[in-house]
**Student:** 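Let me give you the structure first, and then I'll get to my questions.
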Amino acid sequence: MNNDFSLSKSLFIRGLQCHKSLYLHKHHPELKDETPASRQALFQSGHEVEIAAQGLFPGGTTILYDAGSYDRQVELTEEAISQGATTIYEAAFRFDDVFVKVDILSKGKGGWNLYEVKSSTSIKDVYMPDAAIQYYVVKGSGLPVSGVFLVYINNQYVREGEVEVEKLFVVNDVTSEVREMQSVVEGELDTQKTMLRGDMPQIDIGPHCTDPYDCDFMGHCWSHIPEDSVFTIRGSKTLPFTLYRRGIIDLHDVPMHMLPANQKLQVEATLEKKVVVSKEAVRDFLDSLWYPLYFLDFETSGAAIPPFDGTRPYQQVPFQYSLHCLEHEDADLKHHEYLADPKIDPREELAGKLVGEIPRNACVLAYYAGFEAGILQGLAGWLPKYKDDIDTILNNLRDLAVPFKKKALYHWQFKGSYSLKYVLPALVPDLSYKDMEIQDGDMAMQAYFRMQQSDDPGEIERLRNALLAYCTLDTLGMVRLIERLKEFI
Ligand code: SF4
């Protein structure tokens with residue numbers, strides 16, 4: 001057994017979510033799931049936001065994580081304070097066997113202020129214990145603390161020129177809430193430390209496994225859940241756990257009378273491995289389309305810190321599209337594509353090429369067309385010279401997800417979803433994302449970020465080809481889905 005029972009801010013938050021998760025982290029870290037690449041990307045993005053927020057209090061001293069052990073970081077913080085520093089980034093403190101790093105520590109008139117920087121655009125419940133444990137430790141270590149603040153992203157900010165950090169961030173005073181939580185923090189710390197000295201807590205899986213964060217022990221704790229389980233039932237957050245708590249885990253054991261119509265269709269189709277088709281509804285959808293028929297898909301990136309003039313935090317900026325075209329039903333399939341140079345603002349070049357390739361009379365089909373519509377509206381707003389052409393595309397935009405969302409066609413392998421990632425392999429099994437380097441939109445965004453940062457022409461070329469292959473498959477998949485829909489009627 002690991003005899004290190006010390007805690008940190010993140011371990012305290014882990015323990016608040018689930019004592020078993022904290023216990024496993026301390027005593028059985030080998031049972032942890034692999035860290036997904038998307039979490040690493042989130043971490044990087046969070047770090048960029050922290051650095052940007054330091055601009056609110058310029059000229060501070062940084063206590064780096066790699067400056068040494070926890071004790072060394074605490075020493076360096078004490079040294080900085082004793083030498084008269086009035087702003088410290090990543091200041092380190094230890095008290096009651098708990099180690100914390102404060103994003104920004106700034107000296108005010110009545111004492112020190114703690115600023116916790118978040119990448120989100122609103123305050124979430126979990127941020128309060130996060131701030132409260134910092135106050136507990138910093139104050140407990142002897143530093144007079146006069147205020148605690150949460151710093152988060154203002155999603156109304158629109159960049160014009162250099163980023164204005166005072167406008168990019170919202171600073172919210174949570175001092176009184178944090179003070180009120182101190183006895184709860186102290187009690188919970190005692191409970192967690194006692195728990196760590198005992199046997200592993202017997203905690204069953206539950207909604208807490210993904211709330212507020214995805215637990216990284218799910219591979220271990222959920223290993224008794226079969227592939228066709230009640231957790232594949234979509235459309236209800238509570239139903240799967242209601243069934244699970246009654247001892248119903250396998251889909252075969254689900255009493256059909258407990259299921260609403262949509263879920264009943266899903267479970268029956270899965271159990272009988274069947275495809276359910278409403279020919280009339282599929283025909284109605286196909287009749288709503290016309291030729292020339294263009295299949296459009298964008299890839300986008302959305303950064304917390306707006307990269308270009310006229311963009312807001314997390315605004316999705318398109319950097320790539322794929323466009324397959326059928327001029328008439330029997331025409332040869334044509335393909336156009338665009339992938340931006342990662343060093344430029346791609347909007348004008350992309351929009352100019354796109355409106356030149358889509359005729360004004362074309363029916364434009366996208367999957368989850370609401371997303372493509374949002375991108376097009378953003379482009380039209382920023383580029384008035386293309387507004388008329390883009391508005392025409394918007395008027396002619398149709399959504400291929402509709403027949404699957406409305407269950408005009410439901411295949412048992414959709415697993416209750418109408419995402420292209422399920423629909424495509426079920427209906428067009430020879431087209432698959434499985435062996436591709438990029439398999440979803442998040443990976444595409446990360447690949448584009450890597451292209452922006454890389455100086456290696458070989459890597460840039462490889463990523464470029466992977467992005468082109470991925471986006472092409474999305475629109476080619478749509479072409480093939482239309483063919484499949486026609487076969488079903
Ligand atoms: S998977 Fe769920 S039960 Fe298991 S440790 Fe994580 S939160 Fe706790």
Side-chain angles (χ1 to χ4, degrees), residues 1-43 46 97-100 116 118-120 123-134 181 184-251 253-254 415-417 440 442:
M1 178 184 270
N2 180 358
N3 288 321
D4 171 16
F5 303 117
S6 61
L7 294 171
S8 64
K9 183 185 79 168
S10 61
L11 290 183
F12 175 72
I13 299 296
R14 180 186 280 271
L16 269 187
Q17 179 169 342
C18 175
H19 278 184
K20 185 177 174 185
S21 174
L22 175 58
Y23 188 96
L24 288 171
H25 175 89
K26 280 282 188 186
H27 299 303
H28 295 288
E30 74 281 1
L31 297 176
K32 214 176 256 189
D33 302 332
E34 256 178 49
T35 307
S38 55
R39 200 170 297 171
Q40 184 58 28
L42 265 182
F43 178 76
D97 228 359
V98 184
F99 175 81
V100 299
E116 169 69 11
K118 297 294 181 192
S119 306
S120 69
I123 293 184
K124 297 178 182 157
D125 289 348
V126 68
Y127 296 167
M128 298 312 295
D130 188 323
I133 184 84
Q134 291 186 54
M181 292 173 71
V184 178
V185 168
E186 194 172 359
E188 175 61 21
L189 278 172
D190 280 348
T191 311
Q192 290 189 5
K193 287 173 186 169
T194 308
M195 178 274 297
L196 284 173
R197 288 180 164 82
D199 295 332
M200 184 168 77
Q202 296 303 307
I203 297 174
D204 200 0
I205 62 169
H208 63 274
C209 296
T210 52
D211 182 21
Y213 304 111
D214 286 344
C215 178
D216 43 14
F217 287 104
M218 286 181 68
H220 170 68
C221 294
W222 287 63
S223 58
H224 61 297
I225 304 297
E227 193 182 339
D228 282 337
S229 78
V230 294
F231 294 104
T232 61
I233 300 176
R234 303 284 180 121
S236 165
K237 275 190 174 175
T238 52
L239 182 64
F241 275 113
T242 304
L243 293 166
Y244 177 76
R245 288 192 195 106
R246 292 185 188 185
I248 303 165
I249 302 178
D250 199 294
L251 275 189
D253 302 328
V254 176
K415 295 194 182 298
S417 168
D440 59 37
D442 281 347

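None of these values were measured; they are calculated from a predicted model. Counting starts at 1 for both ligands and their atoms, following the listed order.
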**Student:** Identify whether NZ of Lys or CZ of Arg in K20 sits under 6.0 Å from the centre of the six-membered ring of F217 and within 45° of that ring's axis.
**Tutor:**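 Relative to the ring axis of F217, which defines the angle, K20 lies outside at least one limit.
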
**Student:** Main chain of H208, side chain of Q17: is a donor-acceptor contact present, judged purely on distance under 3.5 Å?
**Tutor:**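 Looks like yes, one N/O pair under 3.5 Å.
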
**Student:** State whether D216 and R14 are salt-bridged, where the test is any N-O pair (Lys NZ or Arg NE/NH1/NH2 against Asp/Glu carboxylate O) under 4.0 Å.
**Tutor:**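 Answer for the salt bridge query: yes.
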
**Student:** Compare every heavy atom of Y127 with every heavy atom of S120, then report the nearest pair and how far apart it is.
**Tutor:**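 Closest heavy-atom pair between S120 and Y127: OG-OH, 2.9 Å.
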
**Student:** Which of the protein's N, O or S atoms come within less than 2.8 Å of atom 6 (Fe) of ligand 1, not counting waters?
**Tutor:** C215 SG

**Student:** Quick check: closest heavy atoms across L16 and P129, and the distance to 0.1 Å?
**Tutor:** CD1-CB, 3.5 Å

**Student:** Are more than 12 heavy atoms from other residues, nucleotides or ligands located less than 6.0 Å from atom CD of E30?
**Tutor:**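 Yes, CD of E30 has more than 12 neighbouring heavy atoms, counting only those of other groups under 6.0 Å.
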
